[in-house]
Amino acid sequence: MLVDNHGRTINYLRLAVTDRCNLRCFYCMPESGIKYVNRKDLLSFEEMERLLRIFSASGVSKLRITGGEPFVRKGIMEFLEKASLIKGIEEINVTTNGTFTAEKVWQLESLGIRSVNLSLDSLDKNRFFDITRRNEFDNVMKTFDRLLESSIKVKINMVVMEGRNIEDILPMVELTRNNKVDVRFIEEMPFNGTEGQGNATLWPSSKILAHISEKYELEKSIDPPNSTSQNYQPFGHKGSIGIIAAYTRTFCGSCNRIRLTPQGLLRTCLYSNVGVNFRDLLRSGASDEEIGNQLALTVGKRAKDGFKAEKLRDNTVSESMATIGG
Ligand code: SAM
Ligand code: SF4
């Protein structure tokens with residue numbers, strides 16, 4: 001079992017398989033001037049697979065594949081197949097922008113992928129374009145429809161942003177009326193790949209909840225253990241909603257997750273910019289046992305919460321979320 005220095009059991013790894021992306025969501029990446037990691041510095045799929053085996057032997061049982069956009073990396077489906085066979089990995093979930101995913105839904109289903117989080121910040125084609133800077137709305141909606149037809153659990157991630165998509169909040173709740181989908185409203189965070197801090201404070205989770213409650217009767221659901229979202233059931237709806245206080249950080253006390261970046265940096269908190277490079281460790285010839293020991297050591301020096309981690313940084317948050325995985 002992997003336990004951190006605050007007594008929290010760590011069983012969840014978020015693996016960012018690439019920092020590349022075909023969209024340019026303005027809250028995540030600048031339009032241009034992005035410095036992608038050199039290909040040779042990215043973890044190979046073989047390296048990821050080895051790390052997964054070691055991490056699962058140490059207690060990681062839940063995996064999320066994220067990025068950048070996971071489906072832009074060649075070989076991702078073969079990797080998912082291998083990952084699904086690793087002993088100890090009990091569930092695999094995927095976060096995707098949905099632009100290339102529609103054709104892959106049946107294969108994802110047959111691999112036993114538990115859930116797909118589809119990032120969709122607007123139900124309006126023009127607003128979608130303004131946010132993502134790309135004309136891919138129809139492809140994302142096709143993915144959404146295919147997912148609904150499959151047995152994969154579907155969640156929508158919507159980052160709530162002043163002046164961008166506030167008019168989409170209520171239509172997103174409406175989407176849960178007849179569809180078995182969980183819509184998650186996420187506070188904007190300052191991980192946008194620029195020095196600008198964005199509008200993170202304008203729509204805190206409390207305001208999102210108040211806004212939705214004006215129109216919908218909500219029943220509080222029992223949140224699963226380690227949930228980052230506060231979950232609600234709109235009365236009479238097939239689906240549900242969740243609100244994620246990603247910026248106000250109210251869930252750190254039960255955080256069970258670690259992150260591996262595309263270049264192999266293990267980050268024990270989203271807001272921390274320090275980490276041990278497991279790619280270098282692998283490439284230096286370290287044994288599985290040495291890597292497992294380093295994992296335990298790193299997890300044993302975790303910041304108590306996102307505010308402490310942010311304080312320990314030597315700079316302000318400015319990296320793109322695509323380099324961390326969300
Ligand atoms: N490309 C995939 C996607 O968009 O779903 C996976 C990677 S993306 C970095 C993972 C999640 O992080 C997405 O749901 C995205 O909306 C979220 N995200 C990115 N930047 C964010 C920010 N500044 N604040 C809050 N959420 C953010
Ligand atoms: Fe790409 Fe996802 Fe970032 Fe949008 S949020 S730019 S889709 S990595």
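Atoms within a ligand are numbered from 1 in the order they appear, just like the ligands themselves. Bear in mind the structure is a predicted one, so any value in this text is a computation, not a measurement.
Using a 4.0 Å cut-off between charged side-chain N and carboxylate O, Arg134 and Glu31 make a salt bridge. Salt bridge Arg53/Glu49: present, at least one basic N to carboxylate O contact under 4.0 Å.
The distance from the NZ atom of Lys215 to the CD atom of Glu174 is 5.5 Å, given to the nearest 0.5 Å. Atom OG of Ser84 sits about 5.5 Å away from atom CD1 of Ile92, to the nearest 0.5 Å. Expressed to the nearest 0.5 Å, how far CG of Asn38 lies from CG of Leu42 amounts to 8.0 Å.
Close contacts of ligand 2 with Asn97, meaning ligand atoms under 4.0 Å from a residue heavy atom, involve 7 (S). Short contacts between ligand 1 and Thr96, defined as distances under 4.0 Å to a heavy atom of the residue, involve ligand atoms 2 (C), 3 (C), 5 (O). If you number the atoms of ligand 1 from 1 as listed, the ones under 4.0 Å from a heavy atom of Glu69 come out as 1 (N), 2 (C). Heavy-atom proximity to Glu187, at under 4.0 Å, picks out these atoms of ligand 1: 25 (C). Counting the atoms of ligand 1 from 1 in the order shown, those under 4.0 Å from a heavy atom of Asn157 are 14 (O). Those atoms of ligand 1 that come under 4.0 Å of a heavy atom in Met321, given as number and element, are 9 (C), 12 (O), 18 (N), 19 (C), 20 (N), 21 (C), 27 (C).
The single protein non-hydrogen atom nearest to atom 4 (O) of ligand 1 is Ser119 OG, 3.2 Å, given as residue, atom name and distance. Of all protein heavy atoms, the one closest to atom 10 (C) of ligand 1 is Gly325 O, 3.7 Å. For atom 26 (N) of ligand 1, the closest non-hydrogen atom of the protein is Val159 CG2, 3.5 Å. At the shortest separation from atom 6 (S) of ligand 2 among protein heavy atoms lies Cys25 N, 3.3 Å. Of the protein's non-hydrogen atoms, Gly67 O, 4.3 Å is the one closest to atom 8 (S) of ligand 1. Nearest non-hydrogen protein atom to atom 25 (C) of ligand 1 is Met189 CE, 3.5 Å.
Cation-pi geometry between Arg73 and Phe45 is met: under 6.0 angstrom from the ring centre, within 45 degrees of the axis.
Between the Asn256 side chain and the Ile10 main chain, no donor and acceptor come within less than 3.5 Å of each other. The backbone N or O of Phe128 lies less than 3.5 Å from no partner atom in the side chain of Arg164, so there is not a single donor-acceptor pair.
Here's the thing with Glu188: none of its N/O atoms is less than 3.5 angstrom from an N/O atom of ligand 1. Between Tyr27 and ligand 1, at least one N/O pair is under 3.5 Å apart.
Counted by atom type alone, Asn293 and Glu290 present zero donor-acceptor pairs between their side chains at under 3.5 Å. Counted by atom type alone, Arg249 and Tyr247 present zero donor-acceptor pairs between their side chains at under 3.5 Å.
At a cut-off of 2.8 Å, Cys28 does not coordinate atom 4 (Fe) of ligand 2 through any N, O or S atom. When distances to atom 1 (Fe) of ligand 2 are checked against a cut-off of 2.8 Å, Cys21 contributes an N, O or S atom below that limit.
Considering only non-hydrogen atoms, atom 7 (C) of ligand 1 lies nearest to Gly68 out of Ala322, Gly326, Gly68, Cys21.
Look at Thr66 and you'll find a heavy atom under 4.0 Å from some atom of ligand 1.
Taking the six-membered ring where tryptophan is involved, the planes of Phe278 and Phe55 are perpendicular, since the angle between them exceeds 60° and thus also 30°.
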